[in-house]
Amino acid sequence: MTQALKGKLALVTGASRGIGAAIAARLARDGASVIVHYASSPERATNVVQAIRDAGGEAEAVGANLSNPEGVAALIGSLNGVFGGKFEGRLDILVNNAGTVEYGLFIESSDTSYDTHFNLNVRAPIELAKDAAKRMIKTGWGRIINVGSAFGEAAPLPGVTLYIASKFALRGFTRGLSRELGKHGVTVNAVQPGPIDTELAPQPGTEAHATMTKLASVGRFGKTEEIAAAVAYLASPEAGYTTGESLTVDGGWIA
Ligand SMILES: NC(=O)c1ccc[n+]([C@@H]2O[C@H](COP(=O)([O-])OP(=O)(O)OC[C@H]3O[C@@H](n4cnc5c(N)ncnc54)[C@H](OP(=O)(O)O)[C@@H]3O)[C@@H](O)[C@H]2O)c1
């Protein structure tokens with residue numbers, strides 16, 4: 001285990017499975033104490049926490065539905081008490097990872113689709129970043145990392161229009177906020193995955209999976225650990241001169 005993040009407190013949203021679980025494990029391996037956030041999967045979050053502890057790391061699970069302001073407020077409200085209160089209200093690393101997508105043509109989308117995408121993919125990260133930034137400014141060090149998408153850079157396929165709109169918004173927020181926090185020692189970046197094998201993405205064996213695989217220069221979907229590695233770099237003390245950046249990790253998908 002490296003110790004580059006020893007003594008740092010990290011919050012990873014949507015860490016009960018998929019990319020978030022890999023990010024939580026990686027930041028813990030790098031020495032951070034990690035809050036494993038979940039929404040509907042407490043058992044899975046417990047498993048992620050246990051795996052981190054078994055590997056010698058420190059983790060704690062916290063649940064909240066981030067699709068509504070009350071859930072976001074509840075998560076923020078729990079921060080001061082994590083790990084027995086030893087971080088005294090600090091938060092050093094925020095990884096806004098929780099996200100969702102609804103597949104289908106825009107003109108056929110439901111009336112709730114805008115809210116589904118924007119409440120979780122945009123509003124929750126913005127509200128969490130507002131609270132985190134205030135905590136980070138106090139200590140003069142912080143890392144805010146937004147998990148966007150290669151769909152926040154380009155639109156190579158139809159059927160995900162509102163998802164694309166939400167990830168472009170998140171990318172814009174990343175750049176704007178970086179301008180305000182740089183002088184406080186706080187960096188703000190995005191990691192933009194291409195297709196990664198998780199429950200969110202088209203499943204192996206489907207036509208959509210085959211189509212998306214063909215678009216990748218490396219000829220395969222990515223692994224969650226490959227996204228976690230990019231997040232770990234941006235979270236590290238070495239990355240202090242990188243801010244306002246959107247690092248696309250997509251196997252050349254939109255090259
Ligand atoms: N997989 C890909 O191909 C891909 C590509 C580009 C970008 N991304 C982005 O990467 C991020 C993670 O994606 P993933 O593929 O790992 O997704 P995933 O496997 O579907 O996991 C989603 C995570 O978000 C949490 N979540 C879902 N609804 C929530 C809500 N209302 N409130 C709070 N948390 C909620 C889930 O928690 P529970 O399990 O507890 O409900 C889970 O931990 C997302 O932002 C996604 O847009 C993914």
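Predicted model, so just to flag it, every value in this text is computed and none were measured. Side chains are part of it too, since the values below use all heavy atoms of this structure and drop only hydrogens, waters and symmetry mates. For ligands, and for the atoms within them, numbers begin at 1 and follow the listed sequence.
- With rounding to the nearest 0.5 Å, the separation of CG in D30 from NZ in K6 is 12.0 Å.
- Checked by atom type, the side-chain pair N80/R135 shows a donor-acceptor distance below 3.5 Å.
- A donor-acceptor contact closer than 3.5 angstrom is absent between the side chains of H37 and N97.
- Aromatic ring centres of W253 and F221 lie farther apart than the 6.0 Å criterion allows.
- Of the N and O atoms on the side chains of N96 and T13, not one donor lies less than 3.5 Å from an acceptor on the other residue.
- One side chain, Q50 or D54, offers a donor N or O that lies under 3.5 Å from an acceptor on the other.
- Near ligand 1, G14, A15, S16, R17, G18, I19, H37, Y38, A39, S40, S41, A64, N65, L66, S67, N97, A98, G99, L120, V147, G148, S149, Y163, K167, P193, G194, P195, I196, T198, E199, L200, A201 each place a heavy atom less than 4.0 angstrom from the ligand.
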